[in-house]
Amino acid sequence: MLSITLPDGSVREVAPGTTPADIAAAIGPGLAKAAIAARVDGELRDITRPLTQDSRLALVTQKDEADALELARHDLAHVMAEAVQHLFPGTQITFGPATDDGFYYDFAPPKIDGKDRPFTDDDLPGIEAEMRRIIAKNEPFTREVWTREQLIDTWNKQGETFKAEWAAELPDNEELTIYRQGQWLDMCRGPHMASTGKLDPAAFKLTRVSGAYWRGDQKNAMLSRIYGTGWLNKKQLDQHLFMLEEAAKRDHRKIGQEMDLFHLQSEAQGSVFWHPKGFVLWRQMEAYMRRRLDAADYAEVKTPQLMDARQWEQSGHWGKYRENMFVVPDEIPNTEDEGAVLSGDADLMALKPMNCPAHVLIFKQGIKSYRDLPIRMAEFGCCHRNEPHGALHGIMRVRQFTQDDAHIFVREDQLVEEVRKFCELLDSVYRDLGFEDYAVKLALRPDKRFGSDEMWDKAEAELREAVQASSLSDAIKAKFEELPGEGAFYAPKLEFHLTDAIGRTWQVGTIQSDRVLPERLDASYVGEDGNRHRPVMLHRAILGTFERFIGILIEHHAGRFPLWLAPVQVVVATIVSDADDYAHQVAAELRAAGLRVETDLRNEKINYKVREHSVAKVPVLLVVGKREADEGTVAVRRLGSQGQEVVALGDITQRLRDEARAPDMMR
């Protein structure tokens with residue numbers, strides 16, 4: 001008999017081969033109906049998979065939302081693949097994982113008249129209908145263990161060349177499983193729910209089709225990727241679809257074009273062309289961050305873009321990060337028409353993907369004493385990372401970016417206090433920028449890492465202690481969580497995840513406690529005992545990168561920035577041409593007060609002007625006509641408001657000057 005320990009501590013003696021479903025039924029019919037999977041010694045498993053040894057068992061229901069969503073999305077991926085192959089004979093399947101909000105599957109499209117027939121969005125309604133038919137059949141998901149030879153033979157017989165290729169690379173010593181639903185099957189580790197009927201047929205929607213390369217390599221065949229979103233019930237789906245609709249309205253690329261902030265084009269993949277209005281926004285953010293850093297006693301530096309590859313080898317980035325670096329030969333290219341442009345024999349340099357090694361080199365200039373620490377070294381550093389073209393996304397994921405980067409060199413006894421101060425500075429910045437809801441997460445040691453276990457134990461404990469010692473709110477501390485295996489190869493890190501106006505989360509700020517890089521680059525200070533000691537290096541950023549954070553701000557505010565950030569704060573618009581001179585006078589007085597002002601003197605109706613400047617998200621529109629000119633007033637219209645108020649020019653100038661001060665300038 002097997003001893004099965006339940007979450008309440010009770011133990012049940014059962015025969016080998018008993019399933020978690022059997023135990024649920026023995027406890028009661030309600031649980032038998034509600035249970036959809038099981039955790040056996042912490043591992044999520046099928047509820048129908050037999051138990052073979054003494055175990056701790058927890059039954060999973062839809063109340064265990066994270067597990068239930070993962071199962072539902074995985075099931076939906078299999079159901080979608082069966083539907084596609086039924087509707088489009090000749091389609092080959094490849095991979096179909098669950099995602100954060102749904103699922104996708106990559107397909108090799110069928111051939112029609114010898115040519116691939118890629119899927120399109122027009123195919124999605126028919127596939128959805130077929131998926132609902134499969135769900136209604138309530139076919140059981142069954143798990144089978146196969147040999148590699150069985151897999152290869154089956155896939156070859158079915159014409160599944162991609163699956164056969166993958167199966168041939170699977171290790172002999174690993175348990176290889178397939179899952180069936182009816183006659184359809186796929187290689188899969190599982191787990192799955194008991195049957196397709198456990199899915200809510202109203203809780204999913206296929207969203208789009210895109211291209212994808214087999215195994216993510218652009219040298220391989222192009223596949224069709226069909227995306228879907230999947231949930232536990234229709235209410236969750238509707239909430240998600242509403243969020244997607246709202247996100248589309250807030251898309252930073254769309255708003256950036258409407259507000260004339262920036263553009264991107266193929267001549268500079270992954271780099272942003274900032275327009276004058278967009279760069280005003282950038283400069284306001286940069287000026288704000290510089291004031292905050294100056295007040296927090298950071299020293300700003302500037303370091304080179306290109307550094308010798310030997311420096312990156314010494315830091316460890318060359319071996320761990322080279323695939324993401326732009327590598328440059330240190331030679332003058334051949335300018336003759338004949339012959340190779342580059343010899344191939346030159347030493348190599350690389351555009352910096354991060355600033356930290358250069359900051360260590362500044363630290364090493366001259367002798368540092370224990371009295372000099374902490375040294376807080378900041379840089380708005382322009383970096384380059386060789387991201388794949390397909391991974392680029394507007395200004396959110398780019399190849400050239402500027403970090404609000406800083407490195408703090410501390411003694412061991414200063415570390416917790418410095419991390420505490422950083423957490424409180426970050427909290428103040430986020431609140432100034434309109435983000436009061438965020439989460440702090442501690443990313444722990446990865447499998448492949450530098451440094452000893454003792455070093456990692458100490459570094460992780462220090463970061464935990466600093467968060468608890470900080471003045472962050474109890475609500476934020478209550479959401480603190482740890483992420484096993486998510487740390488950098490050289491250090492654990494605190495991650496700060498913002499929640500925006502429509503509930504999406506963005507990982508932006510970070511602080512990493514690094515004892516590896518100072519060792520590798522031989523950074524030291526003279527201690528009170530007269531001996532050399534290694535500083536600890538804190539890598540930290542609050543915004544992350546200016547590009548991405550500005551993209552987040554655009555979507556968070558839907559382009560309706562607070563007055564201090566708005567690229568154009570005020571437009572003075574005329575009703576009649578007789579008011580042109582007065583409009584210039586109004587604009588001049590506002591500019592003298594430090595406001596960013598434009599005039600609109602076009603021969604257009606005022607309602608047309610109001611609509612146009614509303615689309616451009618101008619916070620304040622001052623309308624002037626002959627009466628306003630005679631009386632020295634303006635009609636004030638606020639973005640998003642239907643009404644207006646008539647105010648004396650001097651009064652509105654003072655009011656707007658006060659409103660347009662940055663948050664840190666108001667304290």
Quiz item: Can Gln284 and Tyr288 be said to form a side chain to side chain donor-acceptor pair (under 3.5 Å), step by step?
Solution: CA-CA 6 Å; Gln284 290 302 309; Tyr288 166 80; over 6 Å; no

Quiz item: Are Glu555 and His252 close enough, and set up right, to give a side chain to side chain donor-acceptor pair (under 3.5 Å), and what steps lead you there?
Solution: CA-CA 6 Å; Glu555 298 198 0; His252 71 281; 3.0 Å; yes

Practice problem: Could you please spell out the steps behind the side chain to side chain contact (heavy atoms under 4.5 Å, CB included) verdict for Arg661 and Trp564? | Solution: CA-CA 6 Å; Arg661 293 164 64 197; Trp564 72 278; over 6 Å; no

Quiz item: After noting the C-alpha distance and the side-chain angles of Ile550 and Leu543, does the key distance pass the side chain to side chain contact (heavy atoms under 4.5 Å, CB included) rule?
Solution: CA-CA 9 Å; Ile550 289 173; Leu543 306 182; over 6 Å; no

Self-check item: Test log, rule side chain to side chain donor-acceptor pair (under 3.5 Å), inputs Thr574 and Arg602
Solution: CA-CA 8 Å; Thr574 54; Arg602 294 173 298 165; over 6 Å; no

Exercise. Test side chain to side chain donor-acceptor pair (under 3.5 Å) on Glu323 and Asn386 and set out the steps.
Key: CA-CA 7 Å; Glu323 65 181 20; Asn386 195 356; over 6 Å; no

Quiz item: Checking salt bridge (Lys or Arg N to Asp or Glu O under 4.0 Å) for the pair Arg376/Asp297: CA distance, chi angles, key distance, verdict?
Solution: CA-CA 7 Å; Arg376 305 179 186 95; Asp297 200 25; 3.4 Å; yes

Quiz item: Can Val508 and Tyr430 be said to form a side chain to side chain contact (heavy atoms under 4.5 Å, CB included), step by step?
Solution: CA-CA 10 Å; Val508 283; Tyr430 286 174; 3.2 Å; yes

Exercise. Go through the steps to decide whether Trp312 and Met349 satisfy the test side chain to side chain contact (heavy atoms under 4.5 Å, CB included), and finish with yes or no.
Key: CA-CA 9 Å; Trp312 298 108; Met349 305 184 77; over 6 Å; no

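Note on ring orientation: taking the six-membered ring where Trp is involved, the planes of Phe363 and Phe409 are parallel (angle under 30°, cut-offs 30° and 60°). Below 30°, between 30° and 60°, or above 60°: for Tyr490 and His539 the angle between ring planes is between 30° and 60°, a tilted geometry. Classified by interplanar angle (parallel below 30°, tilted 30° to 60°, perpendicular above 60°), the ring pair Trp282/Phe546 is parallel.
At distances below 3.5 Å, not a single donor-acceptor pair connects side-chain atoms of Arg449 with backbone N or O atoms of Ala491. One N or O on the side chain of His556 and one on the backbone of Gly434 form a donor-acceptor pair closer than 3.5 Å. Checking side-chain atoms of Lys479 against main-chain N and O of Tyr438 turns up a donor-acceptor pair under 3.5 Å. Formation of a donor-acceptor pair under 3.5 Å by the Lys609 side chain with backbone atoms of Asp600 is found in this model. A donor-acceptor pair under 3.5 Å is absent between the side-chain atoms of Thr505 and the main chain of Leu498, judged by distance alone. Panel note: side chain Glu424, backbone Ser470; no donor-acceptor pair is recorded below 3.5 Å. The backbone N or O of Gln468 sits less than 3.5 Å from a side-chain atom of Lys477, completing a donor-acceptor pair. Distance alone, capped at 3.5 Å, is enough to place a donor-acceptor pair between the Arg596 side chain and the Ala566 backbone. Counting only distance, with no hydrogens or angles, the side chain of Gln414 and the backbone of Val416 share no donor-acceptor pair below 3.5 Å. The backbone N or O of Gly544 sits less than 3.5 Å from a side-chain atom of Asp404, completing a donor-acceptor pair.
Remark: Lys277 does not engage Asp260 in a salt bridge, criterion side-chain N to carboxylate O under 4.0 Å. Salt-bridge check for Arg431 with Glu436: passed, with a basic side-chain N closer than 4.0 Å to an acidic carboxylate O. Between Glu482 and Arg464 there is a salt bridge, with a side-chain nitrogen of the basic residue lying less than 4.0 Å from a carboxylate oxygen of the acidic one. For the pair Glu387 and Arg399, the salt-bridge criterion is not met [side-chain N within less than 4.0 Å of a carboxylate O].
Cation-pi geometry between Arg540 and Phe422 is not satisfied (NZ or CZ under 6.0 Å from the ring centre, within 45° of the ring normal). In this structure, Arg548 is not positioned above the aromatic face of Phe401 in the sense of NZ or CZ being under 6.0 Å from the six-membered ring centre and within 45° of the axis.
Here CE of Met396 is found 9.0 Å from CZ of Arg253. Values are rounded to the nearest 0.5 Å. Between the CD atom of Gln403 and the OG1 atom of Thr510 there is a distance of 10.5 Å, given to the nearest 0.5 Å. To the nearest 0.5 angstrom, Gln257 atom CD is 9.0 Å from Phe262 atom CZ. The structure places OG1 of Thr499 at 11.5 Å from CH2 of Trp506, a figure rounded to the nearest 0.5 Å. Rounding to the nearest 0.5 angstrom, the gap separating the CG atom in Leu415 from the CD atom in Glu465 is 9.5 Å.
When all heavy atoms of Glu412 and Lys458 are compared, the closest pair comes out as OE1-CE, 3.0 Å. The two residues Gly594 and Gln569 have their closest heavy-atom pair at O-OE1, 4.3 Å. Contact record, Leu563 with Pro619: CD1-CB, 3.7 Å, taken as the closest heavy-atom pair. Heavy atoms only, all atoms of each residue included: Leu463 and Ile511 are closest at CD1-O, 4.4 Å. For Ala488 against Trp456, the heavy-atom pair with the smallest separation is O-CH2, 3.2 Å. Contact record, Leu538 with Val410: CD1-CG1, 4.3 Å, taken as the closest heavy-atom pair.
Side-chain contact annotation: Lys352 with Thr303, donor-acceptor N/O pair under 3.5 Å present. Donor-acceptor pairing under 3.5 Å is recorded for the side chains of Ser428 and Arg292. A donor-acceptor contact under 3.5 angstrom links the side chains of Glu379 and His359, judged on distance only. Counting only N and O atoms by type, the side chains of Gln400 and His384 include a donor and acceptor under 3.5 Å apart.
Tested against Glu462 for a salt bridge (Lys or Arg N to Asp or Glu O under 4.0 Å), the candidates Lys493, Arg515, Arg420 yield a single pass: Arg515.
No more than 12 heavy atoms of other residues, nucleotides or ligands sit less than 6.0 Å from atom CZ of Arg371. Remark: Arg310 CZ is loosely packed, at most 12 non-hydrogen atoms of other residues, nucleotides or ligands lying under 6.0 Å away. Residue Gln265 qualifies as enclosed at atom CD: its count of foreign heavy atoms under 6.0 Å is above 12. Surrounding CZ of Phe273 are more than 12 heavy atoms belonging to other residues, nucleotides or ligands, all under 6.0 Å away. For Gln654, the CD atom counts as densely surrounded, since its 6.0 Å shell holds more than 12 non-hydrogen atoms of other residues, nucleotides or ligands. Within 6.0 Å of CE in Met665 there are 12 or fewer heavy atoms belonging to other residues, nucleotides or ligands. The local environment of CG in Asp100 is sparse, with at most 12 non-hydrogen atoms from other residues, nucleotides or ligands closer than 6.0 Å.
Ring-centre distance between Tyr370 and His533: not below the 6.0 Å cut-off.
Residues forming a side-chain contact (heavy atoms from CB on, under 4.5 Å) with Thr99 (at least two apart in sequence, or on another chain): Asp101, Tyr104.
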